[in-house]
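Report on the following structure.
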Amino acid sequence: MPFIKTGVLNVFYFVIKKSEISNSFFVTTKALYRNFPFDISKISEDSYRIVTDDKVAFESLSLELYDRGVYHKIISKDAIEKIWEERTKSNYNFPFPVTLSPIEEISLKTI
C-alpha cells in the first residue's frame with residue numbers, strides 16, 4: 001500500500017496493522033535560546049519559531065503572545081545556542097525502545 005497524501009505540504013501517512021508495530025515514542029525538538037529552553041520548529045532555511053509557556057522567558061526576552069499562556073518568537077538559526085530531541089513514551093500502549101536514548105543533542109551544523 002502506498003503512502004497517502006494528506007493535503008498538507010510534505011505530510012503523508014501509511015496505514016499498517018497494529019501487529020506490525022513493536023514500539024512507539026513521541027519526539028519533541030527543543031532549543032536553548034538566551035539560556036531558556038523552548039520547543040522549536042523550522043519555518044524556513046534560516047528562520048525558526050521558538051515556543052514556551054515560561055512567563056519569565058516571556059518577560060525577559062520580549063516574546064509575543066502566541067496563544068493563551070503560550071509565547072513565541074521567530075529567530076534566526078544563528079541565535080540558537082543548542083538544539084536537541086526529547087523522546088518520551090507515547091500514549092499508544094507500545095513500549096519505548098530500550099536502545100533509544102531519551103535525549104539526543106543535534107549538531108547545529110545539521111539543522
Side-chain angles (χ1 to χ4, degrees):
M1 180 179 279
F3 284 95
I4 301 166
K5 191 171 185 170
T6 64
V8 177
L9 183 64
N10 295 324
V11 176
F12 301 85
Y13 69 93
F14 190 75
V15 178
I16 61 172
K17 296 177 183 171
K18 187 175 179 178
S19 62
E20 296 177 280
I21 301 172
S22 60
N23 59 60
S24 69
F25 55 95
F26 290 119
V27 176
T28 306
T29 306
K30 302 278 193 172
L32 193 64
Y33 171 73
R34 296 193 181 174
N35 294 319
F36 287 95
F38 290 87
D39 288 356
I40 187 169
S41 59
K42 189 172 189 172
I43 295 175
S44 68
E45 193 59 37
D46 292 317
S47 298
Y48 291 80
R49 171 176 279 118
I50 53 173
V51 180
T52 187
D53 61 359
D54 183 340
K55 192 156 177 118
V56 174
F58 167 69
E59 294 168 350
S60 299
L61 303 176
S62 302
L63 304 176
E64 297 175 20
L65 184 64
Y66 189 64
D67 201 350
R68 186 180 346 175
V70 180
Y71 316 102
H72 81 128
K73 185 172 191 167
I74 307 300
I75 62 171
S76 71
K77 179 179 179 177
D78 296 335
I80 301 168
E81 297 166 27
K82 180 179 173 182
I83 190 165
W84 67 96
E85 288 182 344
E86 291 185 0
R87 301 171 182 127
T88 55
K89 187 173 179 353
S90 73
N91 298 330
Y92 299 113
N93 203 24
F94 292 103
F96 187 84
V98 294
T99 58
L100 188 65
S101 171
I103 296 176
E104 182 176 334
E105 191 166 342
I106 300 169
S107 169
L108 290 172
K109 294 176 186 177
T110 63
I111 63 168

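Since the model is a prediction, treat every value here as computed from it, not as a measurement. Numbers here are sequence positions counted from 1. Just so it is clear, the values below take in all heavy atoms, side chains as well, and ignore hydrogens, waters and symmetry mates.
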Restricting to non-hydrogen atoms, name the atom on Ser24 and the atom on Pro97 that form the minimum distance, rounded to 0.1 Å. O-CD, 4.2 Å
Do Phe25 and Ile16 belong to the same hydrophobic cluster, where Ile, Leu, Val, Met, Phe, Trp and Tyr are linked whenever their side-chain heavy atoms lie under 4.5 Å apart, directly or via other members? no
Heavy-atom count around Lys5 NZ within 6.0 Å, excluding the residue itself: above 12? no
Could you see if Tyr48 belongs to whatever hydrophobic cluster contains Leu108? Use Ile, Leu, Val, Met, Phe, Trp, Tyr and a side-chain cutoff under 4.5 Å. yes
Can you establish whether the number of heavy atoms outside Lys55 located under 6.0 Å from its atom NZ is more than 12? no
Nearest 0.5 Å, what's the OH-CG distance between Tyr33 and Leu63? 8.0 Å
How far does NZ of Lys73 sit from OG1 of Thr52, to the nearest 0.5 angstrom? 13.0 Å
Determine whether Phe36 and Ile40 fall in the same hydrophobic cluster, where Ile, Leu, Val, Met, Phe, Trp and Tyr are linked whenever their side-chain heavy atoms lie under 4.5 Å apart. yes
State, with a plain yes or no, whether a side-chain heavy atom of Glu85 is found less than 4.5 Å away from one of Lys30. no
With the side chain counted from C-beta on, respond yes when Ile50 and Asp39 share a heavy-atom pair under 4.5 Å apart, and no when they do not. no
With rounding to the nearest 0.5 angstrom, report the CD1 to CZ distance, Ile74 to Arg49. 4.0 Å
I'd like to know if the side chain of Asp54 and the backbone of Ala57 have a donor-acceptor N/O pair within less than 3.5 Å. yes
Side chains of Ile4 and Val15, heavy atoms from C-beta outward: is any pair under 4.5 Å? yes
Is there a side-chain contact between Leu61 and Phe38, using heavy atoms and a 4.5 Å cut-off? yes
For the atom pair CH2 (Trp84) and CD1 (Ile103), what is the distance rounded to the nearest 0.5 Å? 8.5 Å
For the residue pair Phe26 and Phe96, establish whether any side-chain heavy-atom pair is separated by less than 4.5 Å. no
So, Ser47 side chain and Ile43 main chain: donor-acceptor pair closer than 3.5 Å or not? no
Check this for me, if you would: do Glu20 and Lys18 make a salt bridge, where the nitrogen-to-carboxylate-oxygen distance has to be below 4.0 angstrom? no
In terms of heavy-atom contacts, does CZ of Phe94 have more than 12 from other residues, nucleotides or ligands at under 6.0 Å? yes
For Ile80 and Ala31, which heavy atoms make the closest approach, and how far apart are they? CG2-CB, 4.1 Å
Non-hydrogen side-chain atoms of Ile111 and Lys77 separated by less than 4.5 Å: yes
Relative to the ring of Phe58, is the ring of Tyr71 parallel (under 30°), tilted (30 to 60°) or perpendicular (over 60°)? parallel
Rounded to the nearest 0.5 Å, what's the gap from CD1 on Ile106 to NZ on Lys82? Could you check? 11.0 Å
Got a sec: does the CD of Glu59 have more than 12 other heavy atoms crowding it under 6.0 Å? yes
Neighbour count above 12 (heavy atom, 6.0 Å) for Tyr66 OH: no
Rounded at 0.5 Å granularity, tell me how far CD in Glu81 sits from CG in Asn35. 5.0 Å
Do you reckon Phe14 sits in the same ILVMFWY cluster as Phe12, going by side-chain contacts under 4.5 Å, direct or chained? yes
What are the two closest non-hydrogen atoms of Leu100 and Arg87, and how far apart are they? CD2-CD, 3.4 Å
